[in-house]
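What you see is a predicted model; the values in this text were computed from it and never measured.
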Amino acid sequence: MTNPLFFASLSIPLIAIPLLYWVYTCPKNKYKQTNLVLYVHDYLTGDDKSAMTVAGKEGPTTSIMHFGTLLAHDDPVTVGPDPKSEEVGRAQGMYINSQLDGKALFMIFSVMFTDGEYKGSTLEIQGADPFVLKEREFSVVSGTGYFRFVRGYGIMTTEFLDIQNLRAIIKLNITVRHF
């Protein structure tokens with residue numbers, strides 16, 4: 001009579017060898033890293049106005065500098081700080097002033113690429129913007145197209161700020177990993 005353990009011990013290599021071959025020869029899903037420098041032109045006044053207050057304690061006339069004020073924006077995104085530099089997309093979303101003293105925003109918006117190498121792709125950005133600081137870090141939480149399955153972060157700095165007229169140019173230095 002043959003021992004069943006004998007046959008089981010022979011079948012282990014027959015299963016293990018093809019499995020090991022597949023594990024070591026199968027192409028790996030390697031992450032790509034992409035670094036971007038973009039400029040967002042956020043203007044609440046002027047002929048090129050791209051943002052507006054939609055709610056606050058005094059309704060839409062409330063200043064974004066007041067706690068609880070909500071702002072919607074559709075800002076141009078360019079490759080350089082000059083408003084005339086090449087536009088590669090739009091930053092669309094909202095900010096809410098989320099700090100009692102009015103010195104920080106919570107932001108959630110999409111960078112929608114409309115031209116260039118990443119046309120048709122998006123990056124979803126979220127996080128705190130304590131705009132009184134020189135540098136602020138934010139999260140890149142999702143993306144589409146070229147940036148599918150993205151995760152990453154960015155450093156935001158203010159290139160230009162005119163508080164009286166509520167006009168700003170914000171530099172986004174973004175690092176993301178994706179497939």
Side-chain angles (χ1 to χ4, degrees), residues 33-114 118 121-145 147-178:
Q33 182 168 308
T34 302
N35 299 305
L36 301 163
V37 176
L38 304 169
Y39 294 84
V40 176
H41 302 261
D42 192 37
Y43 304 143
L44 276 85
T45 61
D47 292 338
D48 53 354
K49 180 178 178 178
S50 61
M52 67 180 284
T53 302
V54 293
K57 71 178 183 179
E58 296 165 7
T61 60
T62 304
S63 170
I64 191 60
M65 305 303 285
H66 296 142
F67 174 71
T69 303
L70 177 66
L71 176 136
H73 64 95
D74 182 5
D75 299 331
V77 176
T78 63
V79 296
D82 185 340
K84 293 183 175 107
S85 64
E86 178 188 359
E87 185 175 315
V88 292
R90 306 293 293 188
Q92 299 174 335
M94 64 181 136
Y95 303 124
I96 186 165
N97 193 312
S98 57
Q99 191 166 308
L100 285 173
D101 65 2
K103 295 181 180 175
L105 306 172
F106 175 76
M107 59 184 185
I108 185 162
F109 65 91
S110 302
V111 175
M112 302 177 67
F113 292 93
T114 57
Y118 308 116
S121 301
T122 66
L123 288 172
E124 303 302 321
I125 292 173
Q126 175 179 319
D129 179 8
F131 55 83
V132 294
L133 300 177
K134 179 178 167 73
E135 289 187 344
R136 292 92 69 195
E137 191 168 341
F138 59 86
S139 300
V140 178
V141 297
S142 183
T144 63
F147 298 110
R148 192 171 292 133
F149 293 112
V150 74
R151 64 182 178 177
Y153 71 98
I155 303 294
M156 179 185 307
T157 55
T158 304
E159 290 289 304
F160 168 78
L161 180 62
D162 178 356
I163 293 222
Q164 187 171 3
N165 293 307
L166 296 174
R167 296 174 67 82
I169 299 173
I170 309 298
K171 179 181 179 181
L172 306 179
N173 191 339
I174 300 171
T175 301
V176 292
R177 286 191 176 173
H178 53 97

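Between Y39 and K171 the shortest side-chain heavy-atom distance falls below 4.5 Å. Using a 4.5 Å cut-off on side-chain heavy atoms (C-beta onward), F106 and Q126 make contact. No side-chain heavy atom of F147 sits under 4.5 Å from any side-chain heavy atom of I174. Between F131 and I64 the shortest side-chain heavy-atom distance does not fall below 4.5 Å. T34 places a side-chain heavy atom less than 4.5 Å from the side chain of Y118. Looking at M156 and M107, their side chains come closer than 4.5 Å, going by heavy atoms from C-beta outward. With a 4.5 Å cut-off on side-chain heavy atoms, Y43 and P83 count as touching.
Of the possible donor and acceptor atoms, none in the side chain of R90 sits under 3.5 Å from a partner among the backbone N and O of M112. With D129 contributing its side chain and L105 its backbone, the two residues share no donor-acceptor pair below 3.5 Å. Here the side chain of R167 pairs a donor or acceptor atom with the backbone of T45 at under 3.5 angstrom. Within the 3.5 Å criterion, the main-chain N or O of S63 finds a donor-acceptor partner in the side chain of T69. A distance-only check finds no donor-acceptor pair linking the side chain of S110 to the backbone of T122 [under 3.5 Å].
In Q164, the CD atom is not crowded: 12 or fewer heavy atoms of neighbouring residues, nucleotides or ligands sit closer than 6.0 Å.
Nearest heavy-atom pair, S121 versus T144, reported as atom, atom and distance to 0.1 Å: CB-O, 3.3 Å. Residue V150 comes nearest to G143 through the heavy atom pair CG1-N, 3.3 Å, listed as atom of the first residue, atom of the second, then distance.
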Given side chain to side chain donor-acceptor pair (under 3.5 Å), test H41 with S50 step by step and report yes or no. CA-CA 8 Å; H41 302 261; S50 61; over 6 Å; no
Please step through side chain to side chain contact (heavy atoms under 4.5 Å, CB included) for the pair R136 and I170, ending with a clear verdict. CA-CA 11 Å; R136 292 92 69 195; I170 309 298; 4.2 Å; yes
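Expressed to the nearest 0.5 Å, how far CG of L166 lies from CG of D42 amounts to 9.0 Å. Here the CG atom belonging to L172 is positioned 5.5 Å from the CD1 atom belonging to I125, to the nearest 0.5 angstrom. One finds the OH atom of Y153 at 7.0 Å from the CD atom of E137 (value rounded to the nearest 0.5 Å). The distance from the CG atom of L70 to the CE atom of M52 is 10.5 Å, given to the nearest 0.5 Å. Distance CE/M65 to CG/D101: 10.0 Å, rounded to 0.5 Å. Here OH of Y95 is found 7.5 Å from CG of L71. Values are rounded to the nearest 0.5 Å.
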